[in-house]
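Quick note on labels: first sequence line is chain A, next is B, and so on, each numbered from 1.
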Amino acid sequence: MEDLSLNDQEQQRRLKLAELRSLGINPYPVQFDKTHGAQDILGSFDDADTSALSAVRVAGRIVSFRKMGKASFAHIQDDTGKIQLYLKKDDLPEWYDNLRLLDIGDIVGASGFAFRTRMGEISVHVTEFTLLTKSITLIPLTKEETDAEGNVHRYSAFADKEQRYRKRYLDLIANPEIKSTFRIRSRVITGMRKYFDDRGWLEVETPILQPLYGGATARPFITHHNALDVDLYLRIADELYLKRLIVGGFEGVYEISKNFRNEGMDKTHNPEFTSMEIYVAYKDYLWMMDMTEDLIRTLAVDVQQQFGNVSKQRRDADEGDVSRAAIDFSVPFKRAGMFDLFLEYTGKNLRGMSREQLVAAAGEIGVPIDPSWSAMKVLDEIFSEKVEPNLIQPTFVMDYPVEMSPLAKAHRTEPGLVERFELYINGKEIANSFSELNDPIDQRERLEDQARIRAAGDDEAMVVDEDFLHAIEVGMPPTAGLGIGIDRLVMLLTQNDSIRDVLLFPQMRPEKLNAEG
RNA sequence: GCUUCCUUAGCUCAGUUGGUUAGAGCAACUGACUCUUAAUCAGUGGGUCCGGGGUUCGAAUCCCCGAGGGAGCACCA
């Protein structure tokens, strides 16, 4: 009967499960009517008048249990928090002796009345008790202590990052404060959707499986469609499809889209990630800059109001990692030309410099350069090294070289530049926008340039999409486009340093069991 | 992809120059306890020391190969 692959505690729980069944107790009943969440009771309990909470029904997972002979205390955890149950033998004549068959991790329901214990904790005095789900494996729940300021100190907390990412359900149980990150994530996406919908722009869905990929410079994932016997690409961006819709006559479309890029993984890159792209006809990038500023401010203020000081809620933050800048969303965002920022932070005017001049300039300001790099790569490197780290408060970087932006419209007054901005906050890019290129001849030349770069060996350069070019030939009205990296925005608003902490299920290398050499 | 560090009980961790039977707290089990809260007290069980190979009288410990993870770098919006 005993399975030797189970440890003693797992065997113990299976024995308890069998005993519960033999006692006629269903360990997996079908439902339970809750009337209150833990927080509902804690938040509304009134010592002067307990009548409002004289009949409550709560349910949740047992996270601690203290048996003291003929009375016991347990904490249960639900989606709103934890609340203590007080179980007395006199009040639970049928159930009390069976409490020995329960374990930490089991899900239970209880009804009773709220009261304050002698030690001062608001609790539920249980008069009826139900097992809702027996847990037959171990959960890394540990003891914790709440100090006078309300900070929770968890002993031997479930801290193994690998296991927390791989088994997020355990992480959510053992470290429930991370739930706030995902609540904020949801709130941000919902808020963004509402912002756009309120302005009459249409949410659309475009193909994830694409015969050609485009809209960004990146390596794609390739998959295969059996019935058609063709390879398809997982989208790297949805830009080219959304522009087709503007051509088709929609005047404002947006998509919150999962994109896939077959590249390295690190603190800020996951193979699949979420971005939002929006295109609005008859507008330019200056209009889009105003809209972006208002949108980001709206979202940030909303998160602040709903969740308060986020960093304080996150108790899993590394203690040493404290140098977080306070971002002020209330003041107007700084706006500066890319080359003005170069001048500001390097003292050099890099505008119009040749590759050789840029390499020389990089040497003078101490930015290491690989001699094989293109002029744009050198420029990009100087920007990353010398400018980006300074862009802590929200800053719009405007007007990029045309070579860096094959889908952006030539600048109305500045030759060699395009009408493009990127929003940087806390040293990281949050948004990217341009006056969209709608000159079909110019667009074709830019994509053909990309194709030449690609033929020269850069497999991240764009491919020519003839159908997209045809759409632009049909005629796309003047249009402003914007892309926002949702994951990075959420990282910013939740003060997480790793993209893995804002993804419920970050990509992990598959575990190999019993690997043989 | 490169560098570096880590992997010991369900969880968090000790483990001496390489030395007997690998330890602790929590969790589990048995018992006591009808307002406890890291409950307390007494007792008990629990290990593929990440996997494989090697050195050695002897390996958790030293060496090699492999796996996974963290951090950094490179690549990259």
### Message
With a 4.0 Å cut-off on N to O distance, would you call Arg452(A) and Asp449(A) a salt bridge?
### Response
yes
### Message
So that I can compare with my own list, what are the stems of RNA chain B, taken as at least three consecutive Watson-Crick or G-U pairs with distances under 3.5 Å?
### Response
B:1-7 with B:67-73, B:10-13 with B:23-26, B:28-32 with B:40-44, B:50-54 with B:62-66
### Query
Among all residues two or more places apart in sequence or in another chain, which pass the ring pair (Phe, Tyr, Trp, His ring centres under 6.0 Å) test with His411(A)?
none
Pairs under 3.5 angstrom, nitrogen or oxygen only, protein versus nucleotides 42-46 of chain B, please.
| unit_1 | atom_1 | unit_2 | atom_2 | d |
| --- | --- | --- | --- | --- |
| rG45(B) | N2 | Asp8(A) | OD2 | 2.4 |

### Message
Please give me every residue in residues 96-114 of chain A whose heavy atoms get under 4.0 Å of an atom in RNA chain B, ordered by residue number.
### Response
none
### Residues forming a side-chain contact (heavy atoms from CB on, under 4.5 Å) with Ala408(A), sequence neighbours excluded
Ser405(A), Val418(A), Phe434(A)
### Task
Identify, with sequence neighbours excluded, every residue that meets side-chain contact (heavy atoms from CB on, under 4.5 Å) alongside Arg61(A).
Ile107(A), Ile139(A), Ile173(A)
### Task
Identify, with sequence neighbours excluded, every residue that meets ring pair (Phe, Tyr, Trp, His ring centres under 6.0 Å) alongside Phe45(A).
none
### Task
Hey, could you give me each pair passing side chain to side chain donor-acceptor pair (under 3.5 Å) that has a residue in residues 102-115 of chain A? Not counting sequence neighbours.
Lys16(A)-Asp103(A), Asp103(A)-Lys134(A), Asp106(A)-Lys134(A)
### Task
Measure from the side chain of Arg509(A), starting at C-beta and using heavy atoms only, and say which of rG69(B), rU34(B), rC76(B) lies closest.
rG69(B)
### Query
Heavy atoms under 4.0 Å, any strand shown: does Phe65(A) hit a base, just sugar-phosphate, or nothing?
nothing
### Query
Which part of the nucleic acid, if any, lies within contact of Lys89(A), taking any heavy atom under 4.0 Å across all strands shown: a base, the sugar-phosphate backbone alone, or nothing?
nothing
### Task
Please name all residues satisfying ring pair (Phe, Tyr, Trp, His ring centres under 6.0 Å) with Phe396(A), sequence neighbours left out, ordered by chain then number.
Phe333(A), Phe421(A)
### Query
Got a sec, which residues hit ring pair (Phe, Tyr, Trp, His ring centres under 6.0 Å) with Tyr345(A), two or more places apart in sequence or on another chain?
none
### Task
With heavy atoms under 4.0 Å as the rule, sort Arg13(A) into base, sugar-phosphate or nothing.
nothing
#### Entry: Any residue of residues 129-147 of chain A with a heavy atom less than 4.0 Å from an atom of RNA chain B
Leu138(A), Pro140(A), Thr142(A), Lys143(A), Glu144(A), Glu145(A)
### Query
For the side chain of Glu121(A), counting heavy atoms from C-beta on, which of rU36(B), rA38(B), rC35(B) is nearest?
rU36(B)
### Message
Test: salt bridge (Lys or Arg N to Asp or Glu O under 4.0 Å). Region: residues 254-269 of chain A. Which pairs qualify, not counting sequence neighbours?
### Response
Arg235(A)-Glu255(A), Lys258(A)-Glu272(A)
